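Since the structure comes first, as structure tokens, the remarks are kept for the end.
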Amino acid sequence: MSDVVEKTLTALPGLLSLDSQPGSNKLSSSSKLGNLIRGITELTSKHEEEKLIQRELTSIKEQVSSPNTSMRQMKELMVRAIYCEMLGYEASFSYIHAIKLAQQGTAREKRVGYLAVSLFLNESHELLLLLVNTVLKDLQSTNLIEVCMALTVVGQIFPKDMIPAILPLVEEKLNHPKEIIRRKAVLALYKFYLIAPNQVQHIHNKFRKALCDKDPGVMTASLHIYLQLIEENPEGYKDLTTSFVTILKQVVGGKLPMDFNYHSVPAPWLQIQLLRILCLLGKNDQSTSEIMYEVLDESLRRAEINHNITYAILFECVKCIYTIHPKSELLEKAAKCIGNFVLSPKINLKYLGLKALTYVVQQDPKLALQHQMTIIECLDHPDLIIKRETLELLFRITNAQNVTVIVDKMLEFLRINKDDYTTIDLVGKVAELAEKYAPDNEWFIETMSTVFSVGGDTMQPDIPNSFLKLLSEGFDSVEEDRKLRLFAVDSYVSLLQGEPGKLPQRFLQVISWVLGEYSCLRADLEVDTVLRLLAKLLDMKTTSSETKSWRAQELQHLSQDPELRARVLPRHTGLEPLEVDSSLSFLDGFVSEALAAGAAPYKPRHQRQEELAQAKALSLEPYGLSLPLSMSSCSITDRQSPTLLSISSGLSGNSNDLSHKGGSSSLRLDGVKRVWGREGYLAQREPAEESAHVEVPSALRSPSQQGGADGSHSQTPTQTPTPEPELEKQQLASSLFVGLGSHSSVCLMGKSEPTPQRFRRKARSPASSSGASENISHSLVSPPITGLAAANGSCDEELPDSDVKGSSPSLIGDDALVAADPAPREEPPKDLLLSSYLPAELSGLSHSEITPLSSDQSLDLSACHVQKEGDLVLVVFIYNSSDSDVQQILLQLDSEELEVSCECDGAVGGARGHSVAVCQYSLSVKRPSVHVELVGTVSYQFPAGTPQSGQFSYKLPLSSFIRPLTLSTEEYGTMWLDFSHDTKQNLTLISDDPEPLAASLSVLKKKLQLHVVEIIGMEGIVACRLLQDQPCLMHCRLHAGTLAVWLRSPVPDLPDCLMYFCQRALQEH
Amino acid sequence: MMRFLLLFSRQGKLRLQKWFTPVSDREKKKVIRDMMLLVLARQPRSCNFLHWRDLKIVYKRYASLYFCSGLENNDNELLALEVLHRYVELLDKYFGNVCELDLIFNFEKAYYILDEFLMGGEVLETSKVAVSDSMEEADTLQETMEEYMSKPTY
């Protein structure tokens, strides 16, 4: 063996001389490494390779530990050891020698030593501590190469705890005369910042120095740090905006040395870094955004060369333009640019085009319409990655009308997809869409069944949990709940009768639970049948013990008392634990067996949910630690405060997406479930919705029409007769993109509401039936054209301020806005006149505008509501416009959301000719909804005539029921913990005020009558109550230029509704 | 920020691995295996981007070698593609018409070049001239601070 070493050594001088010449690899073939490599390539089997390497490693081991091995030999040995490790064979014996080599070798040997160390060791390896001294020494070396090597290794791998030891030396290097060393020092500091930010906090001013370095490379390196810093605190660096803009201007203008060009594009890496920084700075900040418009325009214009790198810049540009405060001219250009991506024949650009579309589509749905045919093509693309990206895009544009098609496509993809990560993600999205937009029961249950089968046991556990919660809690109508449950039972029974062995465990658990709870709803279903099916599952060998224990318990439930279970359960029974007082001996065996096998003991459903809620409370509690002691104190509050948990993306879809991954998405479930219930029924029941869709721009109706309308952008052939497959695509297009156009005209004006759909379910009147668009621009939806005699006297939701006008300053501060009369008809008793009929005890209080409800030849009905401190009173004025007296006037009011109590039992009695009768009702909220609606009928009779009747409805915002709730910070703290329903969202901040938080809160206080409990630094706590005495607590925090709001209440939906009003109040300000 | 860079052959032999964030050995093995499975299975005219867990994968094939990088979520895919390309250009300049064999026999040089080009997962130097200069300097390893300071400034 030593012979061989000798031979190699004699060859070394030659090796060295050639080594220093770039581009030579000839000699290495005669080196030992060369021999090894060639030896390996000649082998045919893995086994032989293993043998060879083991032999090699033994020989290396022998030599490295020999005291006679020189550093030069050691270097050669180390290279071979690295090679063996790369092939997957461990050479841990050489690690210590690698460090030694770095310590003791000459520069050339050191280099190999450092390389070996950085490849062999990871950041937590104990040997790394031995490296610290070597690095210290080399940082102080006069040899520039050694300094460079030390900085490189520091940037690659360095123990966190030892950073303080070398930090001063690295800092010092920021002043080094050679730019490459300054650059490396900056990047090393960047690395430190990433792994231990608090250790470099004191040198932030040095970063500024690096930013102003005369070498553009050093400046570029410093931008990495700035991007991080700004991402964490955009407010702190607004003053640098002008500098960044100036730099970008110079770069784009080609002022940098040619060295920085890449394929004749000036410093693209620098450009992109700057664009990202500007994007963060300009987000939600109009004045800062204005500084950068010009340079963004310039960047778009200059990037014309058809090269990947230009497209990379354009992509960042577009992202930036759509993130900062919008400017229509730029948005237009950016949209055109996205078009270039999407329409490009290059697949990589198409992919990014889809990404860009996904990013902007919620602000600018028109773009998706423009490119619908390309999107359809991408949906059928053979490359699954493209397909997946297209589905992501479709997910963002899903609405109640296209949900079935889109979910179909997603499920289709899921069936061929093999990647677990994608499956988990996509399954979550399908479940979310299904809950939000399901058109009917059958579809919902079937879709969820597919989700459970495809998602298998890898899917997020919150999907089945929320599904069961949804089934058990129900929605609006008992009848619909029953139907849904019944359908679930039916479809599960037939699934079990098929091949239950193929179903995943999670799905079987869901099935057994549902059958256990609800199979009694199906009267003709024999309990025996169900029992047999479930028992069969128990016998299956594959069944996990957890599933068994679920099932055994459900069986027990079932067999207890079929009669009890057979009756239709009232709405709330589902939530209460059933009393089971006897145990079934034949099942005990199974249960104990399952328990013995390690299964969790059965917990009743309410207990499970409680535990779930507790878990949630524990992990997300902002006040658990800091309140009531002090809210402002320390970083604990910070770390646990809501904003860091909620994802502050401008796109709601995005945040949903993320919260899925995070797994803490109770918010999503609460917010979503009732949408589904209502949504389904709304679509079927209300013909008026159809009329609303007719108002949608005709572009939607058919792609070819759209082609005509959209001229330049459309690629749809307009005149030529379309071939069959083309037609298919167009049909698909029209089913996919339906419902998108209605907001298109707003897109350039500003950003759309972050979560428009959430409020859909609250809308009941025809005027607001096209949900999402209603939130964005009411004017797009034409006023309701109802053929009925009754007009809908609804308080204009666009102007929540105006629905209350009156004298009491304590309740209302801003009554400057007065809504136009919704129905400017001939209305004999004018407002002023009618208001004089207000009962005396109400006349001093503020009341909403008096709106007409209905009228016919003899009776005119109007109404208003009056806010009392502890009550909300609805006053109905009945004006008899005929000459004769009217008798037996009977008013009946009904509402799904409200409790209506009448002070006159609904019978008004009579009204003389040309006189007014007044009727008062006291309203309280049964179930919160953004707008609550009353439906009423009035019937009356003339002395000599047939009974007459008419219908009317009255709508009022939930905010009328909100009252301040006065409490102390301590009380707030304890209450906060008790409430289980919550929602989080980032709202626009009133940023033109020196104290944005205080200003925003005072707006909320003024408009919504909230009580500001305390403002501490960046955070504020606010409380209010919903009549009668249902509290809702609000926690606000300044975060990234937005107001991060977290609402909590014991009342379901109340946080969501209040969030809506807060959002409106702040936006209108 | 780039998380890792892998070079492997069409036969699934690893030629170079660089990890820019701490990763355990076991995890490294898993990533390498997954990347080879994913990338080698791609059809010729597919796009160069993939998803893997929460990372974006950008890969490109040069002759018999695949260059494969893992990026964080907000990184720009096209830019990463150009990073790979620039690395190939740098290798090419150094070795002169680089081929897989150059990288097999001189893999440590490939690492050195990479270290001059990327640091901590970010681009350190984009200029071809500058990288080959510092490679040359490091290769000759003679220059000292004194000599540098005594050089005429430009």
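Quick note on labels: first sequence line is chain A, next is B, and so on, each numbered from 1. Excluded from the calculations below are hydrogen atoms, water molecules and symmetry mates; all remaining heavy atoms, backbone and side chain alike, are included. All values reported here derive from a predicted model rather than from experimental measurement.
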Quiz item: If you count heavy-atom pairs under 4.5 Å between each of Leu194(A), Leu270(A), Thr152(A), Ile37(A) and chain B, which one has the most?
Solution: Ile37(A)
Practice problem: Go through the atoms of Leu349(A) and report whether side chain, backbone, both or neither lie under 4.5 Å from a heavy atom of chain B. | Solution: side chain
Quiz item: So which heavy atom on Cys47(B) is nearest to which on Tyr351(A), and how close?
Solution: SG-CD1, 4.2 Å
Practice problem: Pick whichever of Met135(B), Gln17(B), His85(B), Lys13(B) has the most heavy-atom pairs under 4.5 Å with chain A. | Solution: His85(B)
Self-check item: Validation row: Phe49(B), Ile347(A) side chains within 4.5 angstrom (heavy atoms)
Solution: no
Quiz prompt | Gap between atom CG of Asn48(B) and atom CD1 of Ile385(A) - 0.5 Å precision | solution = 11.0 Å
Quiz item: Of the backbone (N, CA, C, O) and the side chain (C-beta and beyond), which part of Lys355(A) lies under 4.5 Å from a heavy atom of chain B, both, or neither?
Solution: side chain
Quiz item: Would you call Asp383(A)-Arg45(B) a salt bridge at under 4.0 Å N-O?
Solution: no
Practice problem: Let me know if Glu77(B) has heavy atoms under 4.5 Å from chain A in its side chain, its backbone, both or neither. | Solution: side chain
Quiz prompt | Within residues 78-86 of chain A, residues adjacent to chain B where the heavy-atom gap is under 4.5 Å | solution = Val79(A), Ile82(A), Tyr83(A), Met86(A)
Quiz item: Does the side chain of Asp419(A) reach to within under 4.5 Å of the side chain of His51(B), using non-hydrogen atoms?
Solution: no
Quiz prompt | chain B contact via Leu187(A) - which portion, at a heavy-atom distance below 4.5 Å | solution = both
Quiz item: Given side chains that start at C-beta, do those of Glu82(B) and Tyr311(A) come closer than 4.5 Å, heavy atoms only?
Solution: no
Quiz item: Can you say whether Ile104(B) sits under 4.5 Å from chain A via the side chain, the backbone, both, or neither, judging by heavy atoms?
Solution: both
Self-check item: Row check, Tyr262(A) ring normal vs Arg86(B) NZ/CZ: under 6.0 Å, within 45°
Solution: no
Self-check item: Gap separating the OG atom of Ser118(A) from the CG atom of Asp115(B), nearest 0.5 angstrom
Solution: 6.5 Å
Practice problem: Could you grab the distance from atom NZ of Lys18(B) to atom CG of Leu119(A), nearest 0.5 Å is fine? | Solution: 6.5 Å
Self-check item: Under 4.5 Å from any heavy atom of chain B - which part of Gln228(A)
Solution: neither
Quiz item: Given that the side chain runs from C-beta out, which part of Asp34(B) has a heavy atom under 4.5 Å from chain A: side chain, backbone, both or neither?
Solution: neither
Quiz prompt | Atom group of Asn74(B) that falls short of 4.5 Å from chain A, counting heavy atoms | solution = both
Practice problem: Mind ranking Tyr112(B), Phe20(B), Tyr111(B) by heavy-atom pairs under 4.5 Å with chain A and telling me who comes out on top? | Solution: Tyr112(B)
Quiz item: With a 4.5 angstrom heavy-atom cut-off, which part of Val147(A) approaches chain B: side chain, backbone, both or neither?
Solution: neither
Quiz item: Based on non-hydrogen pairs under 4.5 Å, which of Asn348(A), Thr220(A), Ile313(A) is most in contact with chain B?
Solution: Asn348(A)
Exercise. Answer with side chain, backbone, both or neither: which region of Val98(B) has an atom nearer than 4.5 Å to a non-hydrogen atom of chain A?
Key: neither
Quiz prompt | side chain to side chain contact (heavy atoms under 4.5 Å, CB included) partners for Asn76(B), two or more places apart | solution = Ile272(A), Arg276(A), Ala312(A), Phe315(A), Glu316(A), Leu78(B), Leu79(B)
Quiz item: For the residue pair Leu151(A) and Met119(B), what are the closest heavy atoms and their distance?
Solution: O-CE, 3.3 Å
Quiz prompt | Top of Arg183(A), Lys319(A), Glu90(A), His381(A) for chain B proximity - count of heavy-atom pairs under 4.5 angstrom | solution = Arg183(A)
Quiz item: Rounded to the nearest 0.5 Å, how far apart are CG of Leu33(A) and CZ of Phe105(B)?
Solution: 7.5 Å
Practice problem: Count the heavy atoms of every other residue, nucleotide or ligand shown that sit under 6.0 Å from NZ of Lys346(A), and state whether that count exceeds 12. | Solution: yes
Quiz item: Given a strict heavy-atom distance threshold of 4.5 Å, which part of Ile157(A) is in contact with chain B: side chain, backbone, both, or neither?
Solution: neither
Quiz prompt | Proximity breakdown for Phe107(B) and chain A, heavy-atom pairs closer than 4.5 Å | solution = side chain
Quiz item: His307(A): what forms a ring-ring contact (aromatic ring centres under 6.0 Å, His included) with it, not counting sequence neighbours?
Solution: His263(A)
Practice problem: Would you mind checking which part of Glu146(A) comes under 4.5 Å of any heavy atom in chain B, side chain (CB onward), backbone (N, CA, C, O), both or neither? | Solution: neither
Practice problem: Could you list which of residues 120-128 of chain B have a heavy atom closer than 4.5 Å to any heavy atom of chain A, in residue-number order? | Solution: Gly120(B), Glu122(B), Val123(B), Leu124(B), Glu125(B), Thr126(B), Ser127(B)
Self-check item: Structural part of Leu115(A) lying under 4.5 Å from a heavy atom of chain B
Solution: side chain
Quiz item: What part of Ala188(A) is in contact with chain B, defined as an atom under 4.5 angstrom from a non-hydrogen atom: side chain, backbone, both or neither?
Solution: both
Practice problem: Using non-hydrogen atoms and a 4.5 Å limit, figure out which bit of Asn122(A) sits close to chain B: side chain, backbone, both or neither. | Solution: side chain
Quiz item: Which answer fits Leu16(B), side chain, backbone, both or neither, if we ask what part of it has an atom under 4.5 Å from a heavy atom of chain A?
Solution: backbone
Quiz prompt | For chain B, the option from Asp420(A), Ile386(A), Asp259(A) that forms the most heavy-atom pairs under 4.5 Å | solution = Asp259(A)
Practice problem: Examine distances only and state if a side-chain atom of Gln156(A) and a backbone atom of Trp19(B) form a donor-acceptor pair shorter than 3.5 Å. | Solution: yes
